[in-house]
Amino acid sequence: MARPLPLILAQAPGRPADDLAGFATDVERRVKLRAPGALVVYPELHLGESAPGVPAAPEKGAEPLDGKRDAAFAELAGDLGIWLVPGSVYERGTGDRVHNTTPIYSPQGERLAAYRKICPWRPYETTTPGNRFEVVDLAGVGRIGLSICYDTWFPEISRHLAWMGAELIVNVVRTSTSDRAQEVVLSRANAITNQVFVASVNSAAPSGIGRSLVIDPQGTVRAETVDAGDSTLTDVIDLDEVSNVRRYGTAGLNRIWDQFRPGDPALELPLYGGRIDPATWNAAHTTEEPPR
């Protein structure tokens, strides 16, 4: 049985943190005439500019996760009947900590989860790193994993999201530099090595250089933008393709989640002070509680 998920990826320039009305109008414009129950995704720090193309200082744009902005996002998702990832926002945490955080909201107008960026791009980004992976169940559809921009350069993050049962990894991005070319390659590699869909949504000019894309579990680019302009990338993916690729193999050959089997010796991982244990290698299913 197919599990279709309509995607609406907003390759948009950033806007001021307090422009909630403008953001709501933009979401409504992109959702209009498209499928109900869509997953709508905006770029990293979409609401977080002090001037066009210039990110605000984290401490100036930050507010608690459950503040006015959160209420506006939840109401918008509920009114439009969509799953909403509004990019990422500056979250004021405990003490003087500020996190770069991606929340997600349901068509019922509820915040389901929030992910704090684990790998800020140092030394340029000064936000406090998060310390946990985040997957989210979209009721009746499937499970997605959240990552933010530079996270995609660290294969451990995508691997853990897939191991926790993510069938789609949503990577929200704000890249204005020449290494977007490498990020595109890495996004495809993360899809291939974990047999998951990847949606990488970059900002439009002047905040970013675009090149947003949707990649299937075999690494094929299904849809992509051609330039840095403000555009809406749409697709409908079938999350059952993940289980099909894992069952029959990438290119009908490679079943990576069957590589380690019970009885195989454990592989020590000195870098992590841990190991690959064949008893825990297989990825979770979406009907299972994700491991923590």
Side-chain angles (χ1 to χ4, degrees), residues 1-9 35 37-39 41 83 85 104 115 133-147 151-173 182-201 211-225 233-264 267 276-291:
M1 181 177 178
R3 289 181 292 137
L5 176 62
L7 298 178
I8 300 175
L9 310 183
L39 175 62
V41 184
W83 308 96
V85 177
I104 178 170
Y115 164 70
F133 307 105
E134 198 67 54
V135 296
V136 183
D137 287 328
L138 308 188
V141 181
R143 183 173 294 170
I144 70 170
L146 301 175
S147 75
D151 287 335
T152 204
W153 287 74
F154 297 85
E156 302 86 351
I157 294 176
S158 295
R159 174 73 84 205
H160 271 82
L161 293 174
W163 180 72
M164 293 169 73
E167 298 160 294
L168 164 67
I169 295 175
V170 173
N171 180 237
V172 299
V173 182
Q182 283 76 22
E183 289 179 349
V184 168
V185 174
L186 290 168
S187 292
R188 294 187 67 185
N190 284 329
I192 293 168
T193 57
N194 296 298
Q195 296 176 320
V196 294
F197 285 97
V198 172
S200 179
V201 190
R211 295 196 68 183
S212 301
L213 66 165
V214 179
I215 307 154
D216 77 10
Q218 301 201 65
T220 303
V221 176
R222 291 176 52 95
E224 60 185 327
T225 57
L233 188 63
T234 60
D235 197 359
V236 179
I237 62 174
D238 180 3
L239 293 178
D240 275 349
E241 189 173 343
V242 171
S243 54
N244 289 336
V245 170
R246 291 178 180 179
R247 178 180 180 185
Y248 296 108
T250 300
L253 296 168
N254 298 295
R255 293 185 291 274
I256 57 173
W257 292 106
D258 291 336
Q259 175 62 35
F260 299 101
R261 299 180 179 179
D264 287 347
L267 176 65
I276 292 176
D277 188 336
T280 61
W281 171 255
N282 289 341
H285 300 288
T286 55
T287 53
E288 301 172 354
E289 188 71 20

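- Under a 3.5 Å cut-off, the side chain of Thr220 and the backbone N or O of Asp216 do not form any donor-acceptor pair.
- The minimum heavy-atom distance between Ile276 and Trp281, with the atom names listed, is CG2-CE3, 3.8 Å.
- Side-chain contact between Ile169 and Asn190 is absent, with no heavy atoms from C-beta onward closer than 4.5 Å.
- Atom-to-atom distance recorded for Thr286:OG1 and Ile144:CD1 is 13.0 Å, nearest 0.5 angstrom.
- Among residues two or more places apart in sequence or in another chain, the salt bridge (charged side-chain N to carboxylate O under 4.0 Å, His left out) test is passed with Glu224 by none.
- Residues that satisfy the side chain to side chain donor-acceptor pair (under 3.5 Å) test with Thr225, not counting sequence neighbours, are Gln11.
- Distance check: Phe154 CZ to Thr152 OG1 gives 10.5 Å after rounding to the nearest 0.5 Å.
- If you take CH2 on Trp163 and OG on Ser158, they are separated by 15.0 Å, rounding to the nearest 0.5 Å.
- A salt bridge (charged side-chain N to carboxylate O under 4.0 Å, His left out) check over residues 160-171, counting only residues at least two apart or in different chains, returns the pairs Arg3-Glu167.
- Contact between Pro4 and Val236 at its shortest, heavy atoms only, is CB-CG1, 3.9 Å.
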Going by atom type alone, with no hydrogens or angles, which donor-acceptor pairs under 3.5 Å involve a side-chain atom of residues 256-264 and a protein atom two or more places apart or on another chain?
{"from": "Trp257", "atom 1": "NE1", "to": "Asn194", "atom 2": "O", "distance (Å)": "3.2"}
{"from": "Arg261", "atom 1": "NE", "to": "Asp258", "atom 2": "O", "distance (Å)": "3.2"}
{"from": "Asp264", "atom 1": "OD2", "to": "Arg261", "atom 2": "N", "distance (Å)": "3.0"}

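- Across Ala166 and Val196, no two heavy atoms sit closer than the pair O-CG1, 3.3 Å.
- Atom NE2 of His285 and atom CZ of Arg246 lie 9.0 Å apart (nearest 0.5 Å).
- Here Asp277 pairs with Arg275, Ala279, Thr280 under the side chain to side chain contact (heavy atoms under 4.5 Å, CB included) rule; sequence neighbours left out.
- The CD1 atom of Ile192 sits 8.5 Å away from atom CD1 of Ile215, with the distance rounded to the nearest 0.5 Å.
- Arg222 is linked by a salt bridge (charged side-chain N to carboxylate O under 4.0 Å, His left out) to Asp235, counting only residues two or more places apart in sequence or in another chain.
- Rounding to the nearest 0.5 angstrom, the gap separating the CG atom in Asp137 from the OG1 atom in Thr287 is 9.5 Å.
- Across all their heavy atoms, Tyr115 and Asp151 have their closest contact at OH-OD2, 2.7 Å.
- No donor-acceptor pair under 3.5 Å is formed between the side chain of Arg188 and the backbone N or O of Val198.
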*asked:* Determine whether Leu7 and Val41 satisfy the following criterion, side-chain contact (heavy atoms from CB on, under 4.5 Å), listing intermediate values before the conclusion.
replied: CA-CA 8 Å; Leu7 298 178; Val41 184; 5.8 Å; no
List the steps and the verdict of side-chain contact (heavy atoms from CB on, under 4.5 Å) for Ile104 and Val170.
CA-CA 11 Å; Ile104 178 170; Val170 173; over 6 Å; no
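- Of all the heavy atoms in Gly249 and Gln218, the pair that sits closest is O-OE1, 4.3 Å.
- Scanning both residues, Asp238 and Phe197, for their nearest heavy atoms gives O-CE1, 3.4 Å.
- In this structure, Arg211 contributes its side chain and Glu183 its backbone to no donor-acceptor pair below 3.5 Å.
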